[in-house]
There are 2 protein chains.
Amino acid sequence: MVTISDIAAALGVTPSTVSRALSGSPRVKEETRLAVEQMAAEMGYERNVVASNLRKGKSDIVGIIVPRIHRNFFSNVIGGAESILEAAGYCVLICQTHERLEAEMKALRTLRNNQVAGVLMSHAIGALDGKHILDALGSHIPLVQFDRVFSDLPGAKVVSNNFEGAYAATRHLAEQGYRHIGTLAGYMNSEAYAARLEGWRQALRDCGLPEGEVYEDTIVRETGFEAGLKAIDAGCDALYSAGDFSALGAVEAARSRGLRIPEDFGIVGTANETFTSLMTPSISSLALNPFEMGRQAAQAFLSGEEGTVVVPMELKVRESSCRIHSENQIPDKPCLK
Amino acid sequence: MVTISDIAAALGVTPSTVSRALSGSPRVKEETRLAVEQMAAEMGYERNVVASNLRKGKSDIVGIIVPRIHRNFFSNVIGGAESILEAAGYCVLICQTHERLEAEMKALRTLRNNQVAGVLMSHAIGALDGKHILDALGSHIPLVQFDRVFSDLPGAKVVSNNFEGAYAATRHLAEQGYRHIGTLAGYMNSEAYAARLEGWRQALRDCGLPEGEVYEDTIVRETGFEAGLKAIDAGCDALYSAGDFSALGAVEAARSRGLRIPEDFGIVGTANETFTSLMTPSISSLALNPFEMGRQAAQAFLSGEEGTVVVPMELKVRESSCRIHSENQIPDKPCLK
DNA sequence: CCGGATAATACAAACGTTTGCACAAACATC
DNA sequence: GATGTTTGTGCAAACGTTTGTATTATCCGG
């Protein structure tokens, strides 16, 4: 492995000059810099980033912690963040928590021990507050939270307009004539889910509909199925689900009770997972904009600004919630107006 | 940040003793080790892995390079590898190449510069051979290839039984009465796709069917759609697709030509992406076993053994290829026997 | 009680880079 | 031409750990 000392020796200068030349310091003569660069290229030098990191006390690695990478939402956030960070010379260390708090803590420790330049994260559902995050990262590792955020933690945050999105989704169901709209609410220790719940509630009030049933802790297919059955038994004719997998479960629940979708039962999910547009019936979904959220999170890290960025959601109206003129509907196109 | 020197000072020993104590060297007294461990815990010490890595010349990071993390297949491979590596004390650095050779080379350089302990990878389609991999990793960073492998490179390999899988898929189509079976073959510079092509070819021969059309470079929805149209125009009544997204495109192509699936046109895809079982019609797919492949790849890295591990594929028969008694079929259950 | 083996620890040199400070030379200012 | 300022380099000390070798303490048999 060729080091800066080798280059220095070959050129009759000192390692410090080589180091400065390669890092673009204004304190070396243009001529020297060129000589160094040429010799470095010639000898096939590549900087030992581990040594560099040790000396500088931080690395060019940015850690991203997500519950699960195979969720469309998260893999797209990662993609968005990567597109920005890579251009800025960082590389990305991805950790999955599988929604487990202990895995999240381990990931945080790992990242800190590797002296990452920053952490972008969406916390596990198992985490009740962000204390462990603060403890692990201390004050010198910048933190950017996205989607699931603890708003009392310092640092930048990137979120969706969950309240408005859920409001629009619920209102859409009401406009389609559904009158008893429940919700699969997700986990209440996540502010994102809590905001969606409030949006749903407000929409019901504004539409003059009675308070609907709330089914918490529903986020996967199985729990969506069970809650869907309960909702049907409780007399619901529609559900706004804060997740797509649980919406899928609810669709299956309705089917298993012999209900037609959307004629007898309407459903809107959240996240716009790939399958929602491919299924029959296709599932209406409140789309997040994960790629953009990833980009914004990365930008926030790079700029160091601390504010909260709101990335708007978009309601994708599909078959599962369109019972007005539903035979004319084309999936993915709004059916109103 | 508390260092081993701090612990040493507090205990009146030297840093070297502390280091040895913490790394479990037999050259420290049991009593000293306990004292060190206790003091370390008390002071909240955590090893600076960057310094450790520099000194040791390698890190506890294992790099995983995949074309795209949001593909179900790859995210599950990562999950499988992670489950093994994490237990062994490694952490995982994930890089995406987006199928671009230059991104792959950059990822390899990044990993080498970070002195990773090993690399697990599935090469980008853009790569014609593995020379750049060898160049980047040299001989001292162990390499494990999975799924898409260059068989002339050294190191362990984990692959599916692509030939046998494609053979079974094609045979299944023939047994369903399809007589003109083409293939969406993927990219021929990948040995995995080449093997599937051969399996398809052999099945046609063994079933006494004529040689079918081959559409190369089909791997995404759009190219699958285009190739699907061509296949239909060429008189095909079925396709074995080496990917699911291209199979999806082909389904859409058949629909756009007014063909009924599976009555008029049969399709089997590959990879068992989530959407295949949720669509209508559900798409039959040749399932890989990504989680197991990831586990095997990680095991191969840990053990250092160089052989080739074959993980079997499993044909999931669904609606898109079941025209015999197709109204009785239940998705996901085989319809034969 | 001494010589030699063994056990436990100390010493010091790495690993490759970065960076504050010192230093010399060149240049500008009065 | 003395003084101050800029410009380019060299020197050396870090960063925190690991590890080969030297050193001391401990123990044994004779």
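Within every chain, numbering begins at 1; the chains are lettered A, B, ... in the order of the sequence lines, protein sequences first and strands thereafter.
Of the residues in residues 10-23 of chain B, those placing a heavy atom less than 4.0 Å from an atom of DNA chain C are B:G12, B:V13, B:T14, B:S16, B:T17, B:R20, in numerical order. Contacts between residues 35-56 of chain A and DNA chain D, defined by a heavy-atom separation under 4.0 Å, are made by A:L54, A:R55.
For the pair A:E31 CD and D:dT7 P, the interatomic distance rounds to 16 Å; values are reported in whole Å. What separates CD1 of A:I4 from P of C:dT18 is a distance of 6 Å, to the nearest Å. Atom pair A:K29:NZ and C:dC27:P shows a separation of 11 Å (rounding to whole Å applied). Counting to the nearest Å, the C1' atom of D:dT26 and the CD atom of B:E30 are 18 Å from each other. Distance CG (A:N114) to P (D:dC15): 20 Å, rounded to an integer number of Å. The distance from atom CE of A:M1 to atom C1' of C:dG16 is 12 Å, rounded to the nearest whole Å.
Distance alone, capped at 3.5 Å, places no donor-acceptor pair between the B:T32 side chain and the B:V28 backbone. B:S59 places a side-chain N or O within 3.5 Å of a backbone atom of B:Q115 that can act as its donor or acceptor partner. Put simply, the side chain of B:S160 never gets that close to the backbone of B:N162: no donor and acceptor are under 3.5 Å apart.
Residue A:S122 is tested with A:R148, A:R71, A:M293 for a side-chain contact (heavy atoms from CB on, under 4.5 Å); the sole match is A:R148. Test A:H123, A:E104, A:E102, A:R109 against A:H132 for side-chain hydrogen bond (donor to acceptor under 3.5 Å, both in side chains) and you get one pass: A:E104.
To the nearest 0.5 Å, the span separating OG1 on A:T3 from CG on A:D6 amounts to 3.5 Å. Taking CZ of A:F73 as the reference point, atom CD1 of A:I78 lies at 10.0 Å (rounded to 0.5 Å).
No hydrogens or angles considered: a donor-acceptor pair under 3.5 Å links the side chains of A:T14 and A:T17.
Judged by distance alone with a 3.5 Å cut-off, a donor-acceptor contact links the side chain of B:R27 to the base of D:dT21.
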